[in-house]
Amino acid sequence: MPKHAIEANFDGLVGPTHNYAGLSWGNVASKNNVNEVSNPKEAALQGLAKMKKLADRGYVQGVLPPHERPHIPTLKALGYTGSDASILASVGKENPVILSAVASASCMWTANAATVSPSADTHDHRVHFTPANLSAKFHRSIEHVVTGRALKSIFSDEAYFAHHPALPSVAQFGDEGAANHTRLCAGYGDPGVELFVYGGVAFDDLAPGPRRFPARQTLEASQAIARLHGLSDAHVVFAQQNPAAIDAGVFHNDVIAVGNGNVLFYHQQAFLEESRVLADINARLAGVELAPVRVPEAEVPLQDAVASYLFNSQLLNGPDGMLLAVPGECREIASVSEYLDRLVASGGPIRAVEVFDVKQSMRNGGGPACLRLRVVLRDDELQAMHHGVLLTDALYERLTTWVAAHYRDRLSQEDLADPMLLDECRHALDELTGILGLGLIYDFQH
Ligand SMILES: N=C(N)NCCC[C@H](NC(=O)CCC(=O)O)C(=O)O
């Protein structure tokens, strides 16, 4: 008899160094907004407002903390020496791109924090976590250590939760976490089908792949995660992303598809072998039929999907059918806005659309779905996790006050070398670990 379970969403709290450095080749928004002046305070408040709205609707909403940035230990590992201030001055002068990379607040996109398999799917009936190595981008490859510490601190009871280290940090095992992983199921507590979507095959020179932009996730990485999490072959599907979509700016699968329950909402161009993928999911799905919601190119051209981030939406169970939580940009692009109106009127599984303003994050290519990590939890697992990170009215008030006290409202690339910014960041994070009750997770606290 399957136990009752819910889906909790853990959003990344945007860090005090949120900036536009153009670090992600293949991510169109990141490149288009390079050198813009960012507003970290507004970014963090936009993220918190999204979390609050969803928590108010009854969804279990958690918070994952930002990381220490600029990350001085990485700069030391790259040969910079001296005081923190002199390290920042040298790298800012000699290698501003490296400074931007170690200052990025990119851990806010927690869809890339880890891959999570619910206990109903795993061999030992524990929830399994593997932080993503994010080896495709230097600025993101330094995230997994602190991500792993935060996840271990929140989900610490080994009777319920299993933590694996990130995969080897090389391109062949490039792993982008939940952004390339979707779970289809009848109820959350039932065994589901875990759909792993990869961009390329590392050890097969003849396999198809994108030509213009990099494929960040490999089949080999996806297979390794499935093995580590003890998923049975009968409940796993591997699917290749359409290389043409990657070349059009779909750097993660969650920019072109999102699933929830038995619904897979996706663009016609998402998968290389669309009908095989659907058939494989259907063959493995127990107790329910897959309900594909396929968006044709004729209704929403791929480039509009990428520009609006239509598919980077949160698809959530509602009291009355599913809710699609979309970024504001979806209402600014006519083809997408009109499509959404037709979708809701169609009588299909998606019954409502709600718009969220996450513009600060969107300018770096991060929509509502990038900002959250989904963790399916049975009632006893929810009880067993650390509750200090779950958003209540009081925590929301506490965090908005904390942001107001510590964050700047403008940040340029030049500001990243300012030693005061590092101090502000450490000070803020030290207080935050206290607010969230996380213990000492940062290098500067050790
Ligand atoms: N689709 C999901 N799940 N996540 C979006 C991640 C956006 C992130 N952008 C950046 O890292 C840009 C940072 C900069 O350019 O300053 C990335 O490309 O990895």
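Scope of the values below: all heavy atoms of this structure, side chains included, with no hydrogens, waters or symmetry mates. Treat the numbers as computed from the prediction; the structure is a model and nothing was measured. Both ligands and their constituent atoms are indexed starting at 1 by order of listing.
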Decide whether an N or O pair under 3.5 Å exists between [X] and ligand 1.
X      : answer
Ala21  : yes
Ala111 : no
Ser104 : no
Asn27  : yes
Ser106 : no

Open item on the list: Keeping Lys137 on the side-chain end and Trp25 on the backbone end, is there a donor-acceptor pair under 3.5 Å?
Closed with: yes
Task: Step-by-step salt bridge (Lys or Arg N to Asp or Glu O under 4.0 Å) determination, Glu42 to Arg363 - done: CA-CA 13 Å; Glu42 185 178 63; Arg363 287 196 195 121; 5.5 Å; no
Is it the case that the side chains of [Y] and [X] hold a donor-acceptor pair, with the cut-off being a distance below 3.5 Å and no angle test?
X      : Y      : answer
His406 : Glu431 : yes
His164 : His128 : yes
Asn95  : Tyr80  : yes
Tyr20  : Gln360 : yes

Open item on the list: Would you say the ring centers of Tyr266 and Phe311 fall short of 6.0 Å from each other?
Closed with: no
Open item on the list: So that I know where these two stand, are Phe265 and His267 an aromatic pair - ring centroids less than 6.0 Å apart?
Closed with: no
Atoms of ligand 1 less than 4.0 Å from [X] heavy atoms?
X      : answer
Gly365 : 5 (C), 7 (C)
Gly22  : 14 (C), 15 (O), 16 (O)
Ser30  : 12 (C), 14 (C), 15 (O)
Cys370 : 1 (N), 2 (C), 3 (N), 4 (N), 5 (C)
Ala179 : 3 (N)

Just to be sure I read this right, does ligand 1 sit under 4.0 Å from the backbone of [X], its side chain, both, or neither, counting only heavy atoms?
X      : result
Glu176 : neither
Asn112 : side chain
Arg216 : side chain

Task: Charged N-O contact under 4.0 Å between Asp443 and Arg149 - done: yes
Task: Pairing of Asp430 and Arg426 as salt bridge, 4.0 angstrom limit - done: no
Open item on the list: Just to be sure I'm reading this right: ignoring hydrogens, which of Leu23, Asn33, Asn180 gets closest to atom 15 (O) of ligand 1? Compare them by their nearest heavy atoms.
Closed with: Leu23
Task: Option with minimal heavy-atom separation from atom 11 (O) of ligand 1, where the choices are Lys137, Arg140, His139 - done: His139
Could you identify the single nearest non-hydrogen protein atom to [atom] and state the distance to 0.1 Å?
atom                    : value
atom 9 (N) of ligand 1  : Asn364 O, 3.0 Å
atom 3 (N) of ligand 1  : Asp254 OD2, 2.8 Å
atom 17 (C) of ligand 1 : Ser24 OG, 3.4 Å

Task: More than 12 heavy atoms of other groups within 6.0 Å of Gln303 CD - done: no
